[in-house]
Every structure is written in structure tokens, then in C-alpha cells.
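What follows is a single structure, written as C-alpha cells, with notes after it.
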Amino acid sequence: MAGGVWGPARGAPVGALTLTALAEGIRASRGQPMGPPAPGPQPQPELEPAVEEPGRAATTPTAGGEPPSPPPPQEPAPEGPQQTPRSSWEEGALADLAVYTAACLEEAGFVGTQATALTLSSALEAQGHRLEDQVHGLVRGLLAQVPHLAEGRPRRAALRVLSSLALEHSRDVVFALLRCSPAPDRVAAELWRSLSRNQRVNGQVLVQLLWALKGSAGSQLEALAATRALGEMLSVSGCVGATRGFYPNLLLVLVTQLHELARDAHSPDTPKVWVPSHRGPPHSHASCTVEALKALLTGDGGRMVVTCMEQAGGWRRLVGAGTHLEGVLLLASALVAHADHHLRGLFADLLPRLRSTDDAQRLTAMAFFTGLLQSRPTARLLREEVILERLRAWQGDPEPTVRWLGLLGLGHLALNHGKVRHATTLLPALLGALGEGDPRLVDAALGSLRRVLLQPRAPVRLLSAELRPRLPPLLDDTRDSVRASAVGLLGTLVRRGRGGLRVGLRRPLRKLVLQSLVPLLLRLHDPSPDTAESSEWTLARCDQALHWGLLEEMVTVAHYDSPEALSRICHRMVQWYPSHVPSFLSQTQGYLRSPQGPLRRAAALLTGFLVHHSSPSHVNQDLLDSLFQDLGRLRSDPEPAVAAAARVSGQQVALLARAQPQPCGRSLWGLRHLPCPGRPRPRPARPPPVYADSPFQHRSHPGRWGCSGPG
């Protein structure tokens with residue numbers, strides 16, 4: 001280490017007068033007037049922006065999406081013929097000053113620290129580029145001494161040392177701070193915020209933090225420290241403006257980091273999410289990243305983006321192991337709706353990441369790419385043929401997640417122009433995805449098909465024919481979301497085809513409605529509230545399109561489980577569609593074996609009322625035998641309400657069987673002495689079935705909409 005005129009620094013710390021005299025020596029060597037040394041701390045005005053030297057330029061963000069690469073350790077600038085050669089005296093004095101300062105900051109008292117800070121900040125602005133080796137000691141000294149300084153001018157003077165040092169050595173200052181304060185620390189947070197308030201250095205420091213995040217793939221502690229530092233800096237008003245030029249890149253890096261944390265199932269940080277009600281700073285890596293993202297968006301005027309994400313549960317989805325990409329899609333949608341000024345830069349930064357070998361980076365980029373296709377100006381940045389080719393390639397990927405994103409992107413691209421485009425590519429992909437095993441793919445296909453139907457001049461007749469064999473199995477799917485979406489799609493199809501149904505057209509659609517009528521009635525009692533509500537809405541559309549006049553009865557069954565209303569519905573079904581009665585009963589019979597008690601009871605009631613309103617000529621004996629056997633098994637059902645309903649419906653089946661002409665010797669299971677056709681037999685009126693009230697909770701129970709019950 002170079003020594004100055006006072007020799008190398010060894011031993012005890014130097015007091016304020018010695019350091020001030022040293023500063024006066026430096027000023028004298030620069031030709032500045034020297035004043036008498038002050039016996040104590042002297043107030044100094046705030047520093048004016050320093051004029052850049054001709055051979056030196058500050059590190060500033062570039063205009064592109066990528067921040068500049070971190071510079072190598074700086075070498076002394078070559079001196080031109082017009083520059084005054086620096087003497088070894090000056091260089092040695094500055095080095096000694098740095099050493100004295102580090103010792104003083106760690107050990108000296110209030111007067112020495114304040115005088116040292118004021119002196120060094122002035123000297124650093126002139127000769128700071130000579131202090132690579134002393135940066136770590138200075139930062140460590142500041143961390144040790146700042147807590148003991150009074151608020152106001154003394155503390156601001158010490159913080160100016162850090163800003164002056166960062167002006168020439170931003171990379172060294174950033175890495176020194178990260179290493180000195182890996183854990184949450186109030187003093188370190190104050191130092192980061194002081195750097196953020198200095199507009200001459202905050203851009204350089206943010207770039208270095210971004211590079212620290214990118215280069216910390218193997219070090220969770222370093223990544224956490226850099227993320228926490230970003231959150232502190234971005235929370236300062238006006239600092240986000242310093243990210244101009246690399247804002248999209250910073251946003252992508254933070255979201256990708258959340259994907260990496262969510263993917264690590266063994267990470268202890270992942271489950272916890274910091275919310276504003278918690279006291280203190282965020283206590284996990286994922287929480288710190290979310291807070292940094294919120295600060296980045298809020299500081300750039302994207303408060304509505306943050307609000308939309310909170311209302312839709314987007315932040316919790318972003319940190320979830322299985323829901324991260326859904327959170328990215330929500331974030332992209334919120335950006336399209338409320339912060340479209342960064343979409344072009346974001347889209348440009350995404351393209352090279354789509355072919356990344358890192359799964360977290362590639363899938364996050366794919367999700368952003370898919371979501372941004374909702375923006376028509378952004379989608380025009382690439383030719384549609386190129387986008388379609390990419391999305392078709394995703395459809396053939398062996399990974400279901402990629403196929404899911406491709407399907408969503410295809411829907412956004414084809415349907416964001418107010419009309420259906422690329423139908424020859426879109427419809428086969430959507431219809432083919434209905435048979436996928438991944439529920440995300442099926443949900444995406446059902447949602448996109450619904451959007452197709454909502455477009456002007458939608459292909460209702462084509463979709464009615466294509467969906468007739470594909471949609472009914474989905475009404476009974478074991479996945480709640482798939483059932484609800486399939487029922488809703490049927491309602492949308494009926495609403496769009498209502499005009500044709502009224503005049504007898506749309507034969508495929510009419511057949512599809514009749515084929516789905518029994519599942520819709522029984523799904524009014526589905527344990528999934530979404531499926532039950534969707535069934536009620538779809539039945540209302542069917543009633544309106546086919547003029548059943550049963551809307552009141554359907555609503556009553558849906559909300560109050562009224563047997564009388566269900567009886568009137570069954571009477572209309574038998575009266576209007578007598579040839580479909582065997583099909584109605586066969587479909588209902590399948591629900592008698594449902595593992596869900598409410599559905600078994602609803603199927604028993606529907607069977608009893610359909611049989612009661614049917615004439616003997618509508619139902620054959622084999623079907624009655626099968627129904628009687630299944631209802632007989634339900635008499636020993638563990639649910640008392642199901643067993644009671646099965647006994648009443650079984651009696652209705654027996655009464656209808658007795659009313660039918662029977663061949664001699666033929667008997668229904670459990671019934672004796674059936675008359676032969678040759679004997680005259682009376683045909684008394686069959687009494688209606690009477691069922692007890694349902695013990696299962698109705699959908700209209702108090703509290704369903706957030707209100708409390710009586711009392």
C-alpha cells in the first residue's frame with residue numbers, strides 16, 4: 001500500500017485535526033485555497049454534481065434491454081499531454097486518507113467520524129478512482145459507525161462518503177455491501193436507501209445489483225441479499241426512473257427468480273408470503289422478491305397492476321410451486337391492461353429467452369409471451385405467421401405445460417381482433433385438447449371455445465356437431481373445474497344457437513341439449529358450487545331457447561331442493577319428449593351409483609318422478625327390472641336420506657311394472673303374482689311419490705355470499 005508524506009498508517013486511529021490537515025494538504029496540491037483547520041465538525045453545503053473528467057464516463061444503463069456488462073477493475077486513466085501529472089505525494093496522501101478513515105469510522109468518536117466523512121467525501125470526488133483496495137474497509141467502517149451517529153447532518157455526512165465512493169467504484173461498493181450485510185439489517189437498509197436517493201449513482205448501483213442477481217445462480221444467500229437491496233432501493237420515490245433502459249430485463253429476472261424458488265420444493269422460504277399486516281420486513285426470499293416486484297411496478301406508475309394482482313390472488317400464485325405460471329399469466333394480463341408502455345421492451349427481451357436451456361427462464365418467458373399476445377400492438381411486433389408457427393410447435397411438445405401455454409396463446413392470437421381468425425388451425429387444436437388428461441389443457445380449450453362462440457358469426461352449427469360426442473362426458477368429469485367449464489360452454493352454445501332452436505333448426509344442438517338435460521338437473525346438487533351455479537345458468541338458457549316455461553321451477557330446485565318443482569319439470573320432460581324417457585331413465589340410473597350422497601339422493605328423486613309421470617308404454621320391462629334392483633341396493637345406503645328416497649322411488653317402479661302388460665310367468669324382482677295378459681286387471685291411479693326434505697345443505701344457506709345467519 002502506498003505511503004504518503006506522513007508515512008504509512010499504523011497504530012492508533014488519527015483524530016479529526018490530523019485528518020483535516022491531510023485534506024488541506026490534498027487541496028493545496030490541487031491549487032485550492034487552504035483554510036485553517038476547524039477544531040470541530042463544520043457544516044458543509046451539499047455537494048454539487050461533479051463535472052466528469054474528459055477521460056472518464058460514469059456507468060449508465062444502455063438504451064437496450066440488457067444492462068451493460070460489469071466493468072473490470074478500473075485502471076488509472078492515461079494522462080494526456082495537457083494533464084498535470086499526479087505526484088506520488090497526492091496518491092499516497094489519498095491512500096493514507098482512506099486507511100485513516102476506515103480506522104476512524106470503526107473506532108473514533110463522534111467528532112472524528114463527522115470530520116472524516118466531510119473530508120473524505122470531498123477528496124473522493126476528485127481522486128476516488130484510486131481506492132479499489134480500500135472500498136471494503138470503508139464500507140465495513142460505515143456499517144459499524146452509522147448507528148452511533150445522530151440523525152441529521154452528522155449522519156448525512158457519513159452517508160455522503162458511500163455515495164462519493166460509489167460514483168467511481170459502484171461494483172466494489174455493491175459487492176462489499178452485499179458481503180457485509182447478508183442478513184436483514186437496519187443500517188444496511190439505510191445505506192441502500194441513501195444510494196437510491198443520489199441520482200448520480202443510483203442507476204449504476206441498480207445495474208450492479210441486477211448483475212449480482214444474474215450471477216448468483218448457485219448462491220441463495222447472495223441472491224437474497226441482492227433482492228433485499230433492490231427492494232430497499234426501489235421503494236424510494238423516484239428511484240425506478242433510474243431503471244430506464246433495463247426495466248423489462250429487471251422485471252423478467254425477478255419473476256424468473258420466483259419460478260426458481262417455487263420450483264425448489266425443499267426451499268424453506270417458499271411457503272411463507274409476506275403481507276402488509278405482518279410486522280417488520282419480509283422474512284423469506286420469495287417474499288423479498290415479491291416486494292421488490294411491487295416496488296418496481298408501483299414506482300413506475302403501475303399501482304393498478306399491483307392492485308389487480310392482489311385482487312386476483314396473483315402474488316400467491318407467483319410463489320406457488322404449481323401455480324407460478326398462472327401468476328405470470330395474470331401479471332401479463334394486468335400489464336396489458338394497465339401498464340402497456342413497457343410491453344414492447346418486455347416482448348423484445350422475451351424472444352431470446354424462449355429458447356433458453358434453463359427451464360425456469362424458458363417457461364416464464366413462454367408464459368409472458370402467451371399473455372402479451374392479448375395486446376394487439378405488441379403482437380404486431382412479429383409477423384403472425386412466425387407466431388403461429390411457434391405456437392403450433394408448442395402444441396407438439398411432449399410437456400403438457402408447453403402445450404397448455406401454446407393453446408392459450410393460440411386463443412389470444414385468434415380472438416383478439418373481434419372475429420375468429422385462423423379457424424383451420426384454432427378449432428382442431430381446441431377440439432383435440434378436450435381429450436387431454438391435464439386439466440389445464442382441457443380448461444384452456446373449453447375457455448377458448450367459449451370465446452370463439454362469443455365472436456360475431458361464430459360457427460355454431462359446426463361446433464354443435466363437433467361437441468355433441470365430446471361434451472357430455474365432460475359434464476361428469478371428476479375434476480371440478482372441467483365440469484363447471486363444460487357446463488358453461490354448453491350454456492353459451494345454446495344462447496348463441498337460440499334463434500335456430502326456435503324454428504326447429506340446429507338439430508345437432510337440440511340433440512345435445514336433450515342428451516345433457518339429466519346431467520344438468522342432477523348437477524344442480526353438485527358439491528362444487530361453481531358447477532351447481534353453472535348448471536343453473538345453463539338450464540335457464542335452455543328454458544329460454546326451447547320455451548319450456550320452467551325457469552321458476554328450475555331456480556326453486558336449485559336453491560330449495562323442492563320435490564314439487566322437480567315433479568313439474570319431470571312431467572314436462574315426459575310430456576314433451578316421450579321417446580326420450582328411456583334415455584332419461586338410463587342416464588339417471590348411472591347417478592344412483594355416484595360416490596356423492598347428494599347426487600345419489602337427487603338421482604333417486606328424479607327416477608321416482610320420471611317413472612310416476614311415464615305411461616306403461618314408454619318404459620320396457622328390462623329397464624324397470626334394472627332400476628328396481630339398483631334402488632333396492634340403495635335401501636341399505638349409509639345415508640338415511642338416500643335410503644328413504646330409494647324406498648319411495650322403488651315403490652313407483654313397482655307400480656309402473658304392475659301397470660304394464662306382463663307375459664305369464666314373468667315376475668319383477670321382489671314382486672309376486674303379476675297377472676297374465678289374458679286376465680282382466682284394474683288400473684288404479686298411481687299415487688304420487690312423497691319425499692322427505694333433504695338433509696343436505698342447500699346452496700342458498702346463510703353465509704354463502706359472505707353474510708351471517710340469523711341470531
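- Of the possible polar contacts, one joining the R496 side chain to the L453 backbone as a donor-acceptor pair under 3.5 Å is found.
- Atom-to-atom distance recorded for L258:CG and T289:OG1 is 5.0 Å, nearest 0.5 angstrom.
- Q629 and D625 share no donor-acceptor pair across their side chains, judged by distance under 3.5 Å alone.
- Nearest approach of L634 to A646, heavy atoms of both residues: CB-CB, 3.5 Å.
- Checking V460, V513, L449 one by one against L493, the side-chain contact (heavy atoms from CB on, under 4.5 Å) holds for a single residue, V460.
- The two residues T588 and A603 come nearest to each other via the heavy atoms CG2-O, 3.2 Å.
- We find the OG-CG distance between S626 and D622 to be 9.0 Å, quoted to the nearest 0.5 Å.
- Within a 6.0 Å sphere centred on CG of D358, other residues, nucleotides and ligands contribute more than 12 heavy atoms.
- No side-chain donor-acceptor contact under 3.5 Å links H259 and R362.
- In this structure, the separation between CG on L343 and CD on Q374 is 10.5 Å, given to the nearest 0.5 Å.
- The main-chain N or O of V487 is found under 3.5 Å from a side-chain atom of T538 such that the two form a donor-acceptor pair.
- Atom CG of L330 sits about 14.5 Å away from atom CZ of R316, to the nearest 0.5 Å.
- R523 places no side-chain N or O within donor-acceptor distance of the main-chain N or O of S534, the cut-off being under 3.5 Å.
- A side-chain donor-acceptor contact under 3.5 Å links S649 to the backbone of A645.
- Here the closest non-hydrogen pair linking A433 and L407 is CB-CD2, 3.5 Å.
- Remark: side-chain polar atoms of E389 are not paired, donor with acceptor, to backbone N or O of V386 under 3.5 angstrom.
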Set out, in order, the CA-CA distance, both residues' side-chain angles and the distance that settles side-chain contact (heavy atoms from CB on, under 4.5 Å) for V442 and R479, then state yes or no. CA-CA 10 Å; V442 182; R479 299 160 292 192; 4.2 Å; yes
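- Looking at H412, its side chain never comes within 3.5 Å of a backbone N or O of G371 through a donor-acceptor pair.
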Begin with the C-alpha distance, continue with both residues' side-chain angles, and end with the deciding distance and a verdict on side-chain contact (heavy atoms from CB on, under 4.5 Å) for Q589 and T607. CA-CA 8 Å; Q589 186 179 8; T607 300; over 6 Å; no
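- One side chain, E536 or H559, offers a donor N or O that lies under 3.5 Å from an acceptor on the other.
- Using modelled atom types, no side-chain atom of R317 and backbone atom of L325 make a donor-acceptor pair closer than 3.5 Å.
- Atom CG of L462 is separated from atom CG of L427 by 6.5 Å, given to the nearest 0.5 angstrom.
- Atom CD of E552 is surrounded by 12 or fewer heavy atoms from other residues, nucleotides or ligands within 6.0 Å.
- Within the 3.5 Å criterion, the main-chain N or O of L623 finds a donor-acceptor partner in the side chain of N620.
- In this structure, S535 contributes its side chain and T531 its backbone to a donor-acceptor pair below 3.5 Å.
- Between L335 and F368 there is a side-chain heavy-atom pair separated by less than 4.5 Å.
- Both tests pass for R635 against the ring of F628: distance under 6.0 Å to the centre and angle within 45° of the axis.
- The aromatic rings of Y577 and H580 lie perpendicular to each other, with more than 60° between the two planes, well past the 30° mark.
- When the options L610, V611, V574 are evaluated for a side-chain contact (heavy atoms from CB on, under 4.5 Å) with V581, the one that passes is V574.
- Of all the heavy atoms in A365 and R353, the pair that sits closest is CB-CB, 3.6 Å.
- Side-chain contact check for R498 versus L509: every heavy-atom pair is 4.5 Å or farther apart.
- For the pair R440 and W404, the cation sits on the ring face: its NZ or CZ lies under 6.0 Å from the ring centre, inside 45° of the axis.
- Among D476, D526, T478, the single residue meeting the side chain to side chain donor-acceptor pair (under 3.5 Å) criterion with R483 is D526.
- Atom OG in S375 sits 8.5 Å away from atom CZ in R380 (nearest 0.5 Å).
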side-chain contact (heavy atoms from CB on, under 4.5 Å) assessment of L446 paired with R450: CA-CA 6 Å; L446 291 170; R450 182 174 178 274; over 6 Å; no
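- For H324 (side chain) and V319 (main-chain N/O), no donor-acceptor pair under 3.5 Å exists by modelled atom type.
- Closest approach of V305 to L297, counting heavy atoms only: CG1-CD1, 4.0 Å.
- Heavy atoms of other residues, nucleotides or ligands lying less than 6.0 angstrom from CD of Q575 number more than 12.
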Chi angles and distances behind the side-chain hydrogen bond (donor to acceptor under 3.5 Å, both in side chains) call for H525, R600: CA-CA 10 Å; H525 309 278; R600 292 197 304 276; over 6 Å; no
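- Salt bridge R572/D543: absent, no basic N to carboxylate O contact under 4.0 Å.
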side-chain contact (heavy atoms from CB on, under 4.5 Å) evaluation trace for F609 with M573: CA-CA 10 Å; F609 283 123; M573 291 169 63; over 6 Å; no
